[in-house]
Amino acid sequence: QVQLVESGGGLVQAGGSLRLSCAASGRTFSSYAMGWFRQAPGKEREFVAITRWRGYSIYYADSVKGRFTISRDNAKNTVYLQMNSLKPEDTAVYYCAADKDDLGLRSRYEYEYWGQGTQVTVSS
């Protein structure tokens, strides 16, 4: 089992920045793919960014490319999402997720473990 706890959400003005953190505990974290997803009210949960263990591959949704940066510190069992140039449409609950198979897929159904989510609100 892997337990994930997100932090760092909050209220920010458009153009501002936030850094989300996801602390993992339990089984080995370093060999998992770690992803960030988000869900806005009335919408499906969508992929934001992924970092794989193998090859340290990183993938981003087109909507956040160039503005968001995902990173991981395996020594601290933590994955981060640095969010810059935030827009009102980035408002959502952000979830951290772990995939033990390290597939690096964008589908939320591939992820076995999820955090409780952290709210990000961007005002215009």
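All heavy atoms count here, side chains included; hydrogens, waters and symmetry mates do not. Values in this document were obtained by computation on a predicted structure and should not be read as measured data. Numbers for residues simply follow the sequence, beginning at 1.
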Check: With clusters built from Ile, Leu, Val, Met, Phe, Trp and Tyr whose side-chain heavy atoms come within less than 4.5 Å, directly or transitively, what are the remaining members of the cluster of L105, listed by chain and number?
Finding: L103
Check: For Y80, what are the other residues in its hydrophobic cluster, where any two members join if their side-chain heavy atoms are less than 4.5 angstrom apart?
Finding: none
Checklist line | ring-ring contact (aromatic ring centres under 6.0 Å, His included) partners of Y111, counting only residues at least two apart | finding: F37
Is the shortest side-chain heavy-atom distance between [X] and [Y] below 4.5 Å?
{"X": "M34", "Y": "I70", "answer": "no"}
{"X": "V64", "Y": "R38", "answer": "yes"}
{"X": "F68", "Y": "W36", "answer": "no"}

Note to self: Taking side-chain contact (heavy atoms from CB on, under 4.5 Å) as the definition, give me every residue that meets it alongside E112, ordered by chain and number, with sequence neighbours left out.
What the structure shows: D99, K100, D101
Item checked: Residues forming a side-chain contact (heavy atoms from CB on, under 4.5 Å) with K65, sequence neighbours excluded -> Y60, D62
[X] [atom1] to [Y] [atom2] distance, which is reported to the nearest 0.5 Å:
{"X": "Q116", "Y": "Q3", "atom1": "CD", "atom2": "CD", "result": "12.0 Å"}
{"X": "N77", "Y": "S25", "atom1": "CG", "atom2": "OG", "result": "8.0 Å"}
{"X": "E89", "Y": "S124", "atom1": "CD", "atom2": "OG", "result": "10.0 Å"}
{"X": "E6", "Y": "W114", "atom1": "CD", "atom2": "CH2", "result": "9.5 Å"}
{"X": "I58", "Y": "I50", "atom1": "CD1", "atom2": "CD1", "result": "10.5 Å"}

Output all residues satisfying side-chain hydrogen bond (donor to acceptor under 3.5 Å, both in side chains) with [X], sequence neighbours left out; order by chain, then residue number.
{"X": "Y95", "value": "none"}
{"X": "R67", "value": "D90"}
{"X": "T121", "value": "Q119"}
{"X": "Q39", "value": "R45"}

Checklist line | Joint cluster assignment, L81 & Y113, ILVMFWY side-chain distance < 4.5 Å | finding: yes
Next item on the list: Using the rule that two of Ile, Leu, Val, Met, Phe, Trp, Tyr join whenever any of their side-chain heavy atoms come within less than 4.5 Å, decide whether F47 and V120 are in one cluster.
Entry: no
Notebook entry, point to check: Which atom pair, heavy atoms only, marks the closest approach of R106 to A61?
Noted result: NH1-CA, 4.4 Å
Checklist line | Sequence-distant partners of R108, salt bridge (Lys or Arg N to Asp or Glu O under 4.0 Å), two or more places apart | finding: E44
Pairs of donor and acceptor atoms involving the side chains of residues 7-24, under 3.5 Å and at least two apart or interchain, shall be tabulated with distances.
| residue | atom | partner | partner atom | Å |
| --- | --- | --- | --- | --- |
| S17 | OG | N84 | OD1 | 2.9 |

